[in-house]
Every structure is written in C-alpha cells, then in structure tokens.
Amino acid sequence: MLIKWAYVLFGLAALVWVYSLIRFDQSVVVKRRGGVTILDILVISAAVFGIAYACGSAAEVPIFGYEGTDNVGFWARYTDACVLSAYIMAGAAIVSVFVSVIYSFISKKIK
C-alpha cells in the first residue's frame, strides 16, 4: 500500500514539474520577469536538495528486520536528502507564515 502511495506522489510531483516548465515557457513569452521568478524557484529548490544531499550520511542505516543492502551509500544519502529537504521546506513555510503576519501588522501600523 505504501509503495503505491509513493508512486502516486511521484506522479503528482512529475506533473507539477512539467506544469511548471510549461508555465515558465508561457511566462517568458508574456513577460520576462515572470519567467525569471519561476526559474529562481526551481534553482533554489535544486540548491536546497543539493545542500541536503551533501549533508546526508552514506553510513548504513540500521533498520529492524531488514537484511538488504539498499540502506548504504547513495540510497542512504538520498533518503537523508529527502528528509532534510522536507524539514527545510517545512521550516521555510512556517517562517514565511510568521513573516507575513508581522509584515501585515507593521504595514497596518504605518498607514
């Protein structure tokens, strides 16, 4: 069941990626700055994943009841990168909520 859910999420991520590329192409044609903004988001996302991958460990992950060899090396680092990327993005989302609340509070006080 879990692997099917992973395939569904991977398919949705692929669709979002293709959609963002289409939107990037349309944004560049309509207005130059819109395309650059989407490209910035893709570059920042790739940088976050690259940094998370660099921080990942290639050491064996002890998993109770698992005897295979897929929990070392590349796959261990990749798993760490996915988890760290999720933590970074969740933290960025929480920080952006607080910053937007503070910004709206300050902008109301100035007016």
Side-chain angles (χ1 to χ4, degrees):
M1 176 68 183
L2 188 59
I3 192 73
K4 290 179 183 177
W5 179 242
Y7 288 143
V8 167
L9 290 177
F10 181 77
L12 286 174
L15 286 174
V16 167
W17 185 75
V18 169
Y19 177 74
S20 68
L21 288 178
I22 292 170
R23 290 289 302 203
F24 172 72
D25 187 40
Q26 292 172 349
S27 296
V28 170
V29 170
V30 174
K31 58 180 183 177
R32 291 269 188 230
R33 185 64 193 143
V36 174
T37 303
I38 293 173
L39 187 61
D40 290 344
I41 291 170
L42 291 174
V43 168
I44 290 170
S45 297
V48 165
F49 190 79
I51 291 169
Y53 185 80
C55 291
S57 172
E60 181 178 358
V61 179
I63 302 172
F64 179 72
Y66 180 72
E67 300 291 328
T69 59
D70 289 334
N71 59 347
V72 294
F74 168 78
W75 290 111
R77 287 187 83 172
Y78 179 75
T79 303
D80 284 349
C82 291
V83 171
L84 289 173
S85 294
Y87 289 159
I88 291 168
M89 287 186 253
I94 291 169
V95 167
S96 68
V97 167
F98 285 121
V99 168
S100 67
V101 168
I102 292 169
Y103 178 76
S104 65
F105 180 73
I106 291 173
S107 65
K108 286 180 184 177
K109 289 288 186 182
I110 291 175
K111 290 182 182 181

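Because the structure is predicted, anything quoted here is derived from the model rather than measured.
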Side-chain donor or acceptor of R77 paired with backbone N/O of Y53 under 3.5 Å:
yes

Roughly how far, to the nearest 0.5 Å, is the [atom2] atom of [Y] from the [atom1] atom of [X]?
X	Y	atom1	atom2	result
W75	T79	CH2	OG1	8.0 Å
D80	S85	CG	OG	10.5 Å
L84	Y87	CG	OH	8.0 Å
L12	Y7	CG	OH	15.0 Å

Determine whether F49 and M89 fall in the same hydrophobic cluster, where Ile, Leu, Val, Met, Phe, Trp and Tyr are linked whenever their side-chain heavy atoms lie under 4.5 Å apart.
no

Tell me whether the rings of F74 and Y78 are parallel (<30°), tilted (30 to 60°) or perpendicular (>60°).
parallel

Which residues share a side chain to side chain contact (heavy atoms under 4.5 Å, CB included) with S45, sequence neighbours left out
I41

Heavy-atom count around F10 CZ within 6.0 Å, excluding the residue itself: above 12?
no

Mind listing the closest non-hydrogen atom pair of A76 and A59 along with its distance?
CB-O, 3.7 Å

